[in-house]
Colleague: 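Here you go, one structure.
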Amino acid sequence: MGASRGPRLSGMQKQVLSLYRGFLRAARAKSAEDRQQIESLVSSEFRRNAKEVDRKNFLYIEYLLRRAKKQLDQLRSPDIVGLSALNVSFSQTKHPTN
């Protein structure tokens with residue numbers, strides 16, 4: 001392979017891209033309708049997180065990576081036909097006062 005022309009990616013960025021490609025590959029094994037739904041959800045989730053998550057918040061990014069790896073493992077199962085989104089916002093979560 002030739003030299004890459006793009007910017008050098010960090011290890012975490014490579015993990016994110018690898019997960020994204022993994023989701024798209026796993027979606028290929030599903031029906032056309034499920035594939036379209038999965039690709040749309042994956043694309044919107046990755047774009048949303050790219051905009052909203054602080055790039056220096058490594059703990060939260062690592063959490064998202066672990067969660068995505070679990071979801072990808074589940075999606076690869078032949079019994080699973082689709083994904084669902086869970087929107088969690090830590091900045092808006094109210095903590096009870098004791």
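Because the structure is predicted, anything quoted here is derived from the model rather than measured.
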Colleague: To the closest 0.5 Å, what do you measure between CG (Leu19) and CG (Leu64)?
Modeller: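 Those atoms lie 10.5 Å apart.
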Colleague: Between Glu39 and Phe23, is any pair of side-chain heavy atoms under 4.5 Å apart?
Modeller: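 No, their side chains stay 4.5 Å or more apart.
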Colleague: Ignoring hydrogens and angles, tell me if any N or O in the side chain of Ser44 forms a donor-acceptor pair with the backbone of Ser40 under 3.5 Å.
Modeller: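 Checked: pair present.
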Colleague: Return yes when atom CD of Gln13 has more than 12 non-hydrogen atoms of other residues, nucleotides or ligands closer than 6.0 Å, and no otherwise.
Modeller: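 Buried by this count: over 12 neighbours within 6.0 Å.
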Colleague: Scan residues 8-25 for pairs that pass salt bridge (charged side-chain N to carboxylate O under 4.0 Å, His left out), counting only residues two or more places apart or in two chains.
Modeller: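 Applying salt bridge (charged side-chain N to carboxylate O under 4.0 Å, His left out) to every pair that reaches into residues 8-25, excluding sequence neighbours, yields nothing.
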Colleague: Looking at CD of Gln71 and CD1 of Ile38, how far apart are the two atoms once the value is rounded to the nearest 0.5 Å?
Modeller: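 Reported to 0.5 Å precision, the distance equals 11.5 Å.
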Colleague: So, do Lys56 and Ile61 sit near enough that their side-chain heavy atoms are less than 4.5 Å apart?
Modeller: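 SC-SC contact between Lys56 and Ile61 ruled out.
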Colleague: If you round to the nearest 0.5 Å, how far is CG of Leu9 from CD of Gln15?
Modeller: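 Rounded to the nearest 0.5 Å, the CD-CG separation comes out at 12.0 Å.
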Colleague: Using the test side chain to side chain donor-acceptor pair (under 3.5 Å), find all partners of Ser31 that sit at least two apart in sequence or belong to another chain.
Modeller: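 Partners of Ser31 by the side chain to side chain donor-acceptor pair (under 3.5 Å) criterion, ordered by chain and then number, come out as Asp34.
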Colleague: Check the hydrophobic clustering (I, L, V, M, F, W, Y; side-chain heavy atoms under 4.5 Å; chains of links allowed) and say if Tyr60 and Tyr20 are grouped together.
Modeller: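 Same cluster.
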Colleague: Applying the 4.5 Å side-chain criterion to the ILVMFWY set and letting contacts propagate, would Leu72 and Leu17 be lumped into a single cluster?
Modeller: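 Hydrophobic grouping puts Leu72 apart from Leu17.
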Colleague: Minimum heavy-atom separation for Leu75 to Lys30, with atom names?
Modeller: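 Of all heavy-atom pairs spanning Leu75 and Lys30, the closest is O-NZ, 2.9 Å.
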Colleague: Taking the side chain as C-beta and beyond, is there a heavy-atom pair between Val16 and Phe46 under 4.5 Å?
Modeller: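 Touching, per the 4.5 Å side-chain cut-off.
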Colleague: For Glu52, give me all partners under side chain to side chain donor-acceptor pair (under 3.5 Å), at least two apart in sequence or on another chain.
Modeller: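 With neighbours one apart ignored, the set is Arg48.
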Colleague: For the hydrophobic clusters of this structure (ILVMFWY residues joined by side-chain heavy atoms under 4.5 Å, transitively), does one cluster hold both Leu65 and Leu59?
Modeller: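 No: no chain of side-chain contacts under 4.5 Å links Leu65 to Leu59.
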Colleague: If you look at every heavy atom in Arg76 and Ala26, which pair is closest and at what distance?
Modeller: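 Between these two residues, the closest heavy atoms are CG-CB, 4.1 Å.
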